[in-house]
Every structure is written in C-alpha cells, then in structure tokens.
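For reference, the structure discussed in these notes is given below.
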Amino acid sequence: MLITEDLLLHYKRCPRRAFLDIYNDPNSKDRDQDFLLKLRQDSLAHRQSILALTTVQRPYYPSRDWQAGANATLELMQQGVEQITKGVLMLSLSDDLAVPSFNSLSYNHGNDLPLVTSGSPIAVTLVAYPDLLTKHPGKSDFGDWIYVPTTIKLGRRPKPEYQIVAALQAQLLAATQGVWSETAQLILRNQDSYSVKLERWVPQMQTVLKNCIETLLASPAPEVFISRHRCSLCHWYSDCYAQAQAQQHLSLLPGVTPSRYQDLQMLNLTTPESLANASPAQLETVFDGELTTQLIRQAQAVVQNRAILKTDSPTSGALTIPSAPVELYFDIEAEPERHLDYLLGVLVVEREAERERFYPFLAEQPFEEAAIWQQFLELVARYPDAPIFHYSDYEVDTVKRLAKLYDTPRSSVKSLLSRFVDVHQCVMGTVTFPVESYSLKHLAHWLGFEWRDAGASGAQCVWWYDQWLRTGDRTLLEAILRYNEDDCRATYRLKTWLCEFLQAAATNCN
Ligand code: SF4
C-alpha cells in the first residue's frame, strides 16, 4: 500500500475521501471545478515565486516513479547540495507495520509504535515530496551536514493538516539521513516561515497515519458526512451527496456538526423523522435547551417541508425588517487573491412606482476599484432614506475596507452603514427553513427563485473574472453581471417573502 503525503493530508480532512481515492472508480470523480483549477494555479505561482528567490537543484526521474525519485534525491543529499527542490523521500515499513519513534536528537530504529496488529500481510510504503530540502550544519549519515524539509502552502494559517504533512516529511527525512532535523518549515501565503514543533506533531502524525492505514484496510468506506465547507471542492461530492440524500443523512440538516451527529447517534436519533419526533427531554441529556429546540425544529421543518416561525426568538417579528418606498439590494463580487472587490451591484427598487433598476459598478481592470467605490457612494447618496439590504456580513466588512482604503470620511461611512440590513441575520432570528443550508442560494431556491445561469456561483465568478483579465472575453463579464444581479434579486425575493411571512404570523397571533 502506497501512502503519499497528499493521501495523508486528504485523510486528515476526510477519511472517506482517502478511502475513495484508493478504491473508487476514478471515472466516477466529478470534473475539477474551475475555481479549484484557479486555486491550483495560484498555489503553483506562489511556490514558483518563492523558489525563484533561491538557487535550487532538482533530482531528475520519470514522473511518479517514486523509487527513482528517492534514489536521485539521496544522491544529491550525499553530495551536499545546498537546496534541493522536487526531492522524494520514501520509507517502506516492515511487514509488522511499525514506524520508528520520534526522538529529538537521533533517529531510533526501534519498532515501538505498531501501526496495525503485528502480522498483517500488508506492506506499507510512505512517500513525501517536500518543496525544499535545505542543508544546515550538523551531523548526519552524509557527513557534517543535515537537511531540513520545507513545505510551501497557499493557506494563511499553519493548518493541522499542513503540520501533519511536515511531520511526515521530517520522519522520512530522518530515516534517510539517520538523524532528526530539529524542525520542519512551512512557508505560507504571506511568505513568512513557520517552524513546525516536531515533538508535538510527529506523534500526532503517527496516530493519524496509523488510523489512516486501519481505515484503508477496513471495509466498507467511512460513512458519508456532508459538510459544505469541506465537501464543496471535493471530486467525490456528487457521489457522496447522492448517497447522503438517499440515506436522508442527518449531515444534510443545518446545525448537525460531526460531533453533534455522534451525540445524536448515541441517542439513536439517526434520521430527520426520528429527530423531528424526539422529545426535548431526550436531547437535553446531551445538548442545552436552545440547541435542542433548534435541532428538533430544523428536523420538523425538513420533514414537513414548511417554514416554521421561531416564536421563542427575541428578534422574531416583522418590525425588525424595514420596508420603505425605495429599497436598495446590494451584492459584491470579489477576487480574494488580488484583494479586490471588482463588482458592486445595486438593485434599486421603487416600490410605489413599481420600478426596478440594476446598477452594476464594475472594475473591468483592478485599478478601477477606487472609481467604482465613488460611483457606488454617489448612487446610495441619491436615496438617503433607502435601507440597503444585503445577505451576510461580507458587504459590511467590504464597505469598511473600501472606505479606509480610499479615505472616505468616517461620518459618511457611519451613516451609510446605519442603513444596512443583513437579511441573513433577519432569517436566522425569525424562521427555520426546510433547507440543507442557510445560503442565499438554498433559501431562494426553496422560494422558487432560479438564477439565470445554473452553474454560476461566487467561486465560479472568481474564475470568470480571472479569465476575463487574461483573455479579454467579455462573455465572462456578462455572466458575472447576470449572476450578481440575480443575487440582488434573490435577496429582494427573500426579504419580501420574509416580511409577508412574519406579517401573516403576526396577524394570526392577534
Ligand atoms: S464529498 Fe465530503 S464526505 Fe465525500 S469524500 Fe469528499 S469530503 Fe469526504
């Protein structure tokens, strides 16, 4: 069994993914999303920009021939080359699947951490490929020098999975040079170097590795658990989502996290029906009262396919959502990699005149951001009494960022922000919807609203804008404008529905 650092990283994020990567038919993978391709391009560019700052040598070997790569890397290390990129480190574990322990000074070939039960017939080979191996003074099997591994990542934080990979590289390097490096390095998005504490992360990596091997040797695949953040870019999403839907899996209920799911399983509540019919007293043995109410009500909304008023919420009630003769609906498209907010879209709704007009303030080139910010300010100043509806807090944060960047007077920004109304917060404080997520897309879909381009999304727009800048293809800009306008219109639809729903509920109460 071959376990690469990528497989271990994916296992750390989702054990099921590692299992499917090994055993599932690769033809049933989803096509890589454009946004993922962009992330890969950005990641490669980041890596290249860092490697360009230094002189490196690379071993030559046929692509994915790990053994040849490890041999060629070993030769360079024995020669004492200062910096090696694209090196390969390999370690074949013996048949009893033991991995040497971590010792901060020397490499211990003792077999004191069996990965699986002794006598297993499976041989395991571990492969890592650090972005850099850097020569330092010290004593190793090579002579008066040792190597330290470096991994270059695009992330902003030293995530646990990055540190697990760095620890694996350190372990395999220790096996190659006969001594542990004192640390392993991570270089992150801001180009700062981060030292991974091996005494902490090597034991954790070994535990993850042990669990990974056990998972890969077991059958069937680990249970599906749909988590929007984790699954949205995974190439098994269609496969897993279909299975979750067929099973009516509780991970499709908002509010059910992996740890809450475990608690619900202990209570033998494993379907939306059982949760919808559960007594609060049963759940309150594990959850607090508020969470108990939330989980049961969410299950009831889904099972009964109806929106349910949160009568217990202090913010419920129509008065919390303003209505005005003129209302503005605001949505932004951004390019995070360039720190750019390139489209400020505003739908102006004149309710009495029954007129609607969409204003897309678009920076066709990044340097135009200042100009579109001014155009946006001029438009909202034309309607000083109009509330500005948006969905989620991104718009507020962006207005603060742009105001600071372009020296907008503080008093104007304060007065502008006082008109902002976050429809997401209004929803969360008042109604439970029969949806899988409280994203604008899911809620508006439930209300029957459709985006004109079915495949469009915020992430897709990031790719489209990047491609527009590279190719000048205006059809991409047009698609972004349609998507942004539809987001504004979906927010309008949702706000209107919410006001009517709360009004009807208030009337029924009186
Ligand atoms: S879609 Fe989600 S549950 Fe399925 S393998 Fe990918 S990350 Fe894991």
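Computed from a prediction, not measured in an experiment: that's the story for all the values here. Just follow the structure's listing: the first ligand is 1, and inside any ligand the first atom is 1.
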Closest contact, heavy atoms only, Leu198 versus Ser181: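 Closest approach of Leu198 to Ser181, heavy atoms only: CD1-O, 3.3 Å.
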Residue pair Leu267 / Leu283: nearest heavy atoms and the distance that separates them: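 Scanning both residues, the minimum pair turns out to be CD1-CA, 4.1 Å.
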Mark yes when over 12 heavy atoms from residues, nucleotides or ligands other than Lys86 sit less than 6.0 Å from its NZ; otherwise mark no.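 12 or below, so no.
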Side-chain (Asp30) to main-chain (Ser238) donor-acceptor, under 3.5 angstrom: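 Pair found, side chain donor or acceptor close to backbone of Ser238.
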If I take every N, O or S atom of Cys240, is at least one of them less than 2.8 Å from atom 8 (Fe) of ligand 1?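 Of the N, O and S atoms in Cys240, none lies under 2.8 Å from atom 8 (Fe) of ligand 1, which means no.
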Hey, which atoms in ligand 1 end up nearer than 4.0 Å to a heavy atom of Tyr237?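 The atoms of ligand 1 under 4.0 Å from a heavy atom of Tyr237 are 1 (S).
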Can you list the ligand 1 atoms lying under 4.0 Å from a non-hydrogen atom of Arg17?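 Listed by number with element, the hits are 5 (S).
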Starting from atom 6 (Fe) of ligand 1, which protein heavy atom do you reach first, and at what distance in Å?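 Minimum-distance protein heavy atom for atom 6 (Fe) of ligand 1 reads Cys234 SG, 2.4 Å.
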For atom 8 (Fe) of ligand 1, find the nearest protein heavy atom and state the residue, atom name and distance (0.1 Å precision).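 Closest protein heavy atom to atom 8 (Fe) of ligand 1: Cys14 SG, 2.3 Å.
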Is it true that some N/O/S atom of Cys231, main chain or side chain, lies under 2.8 Å from atom 6 (Fe) of ligand 1?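 So Cys231 does not count as coordinating atom 6 (Fe) of ligand 1.
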Where does Phe225 meet ligand 1, judged by heavy-atom distances below 4.0 Å: at the side chain, the backbone, both, or neither?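 The part of Phe225 near ligand 1 is the backbone, not the side chain.
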Could you give me the CA-CA distance, side-chain angles and deciding distance for Arg489 and Glu485, then say whether salt bridge (Lys or Arg N to Asp or Glu O under 4.0 Å) is met? CA-CA 6 Å; Arg489 290 188 179 281; Glu485 180 177 348; 3.0 Å; yes
Residue that, paired with His390, satisfies side-chain contact (heavy atoms from CB on, under 4.5 Å) out of Thr398, Asp422, Asp487, Asp331: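 Exactly one option meets the side-chain contact (heavy atoms from CB on, under 4.5 Å) with His390, and it is Asp422.
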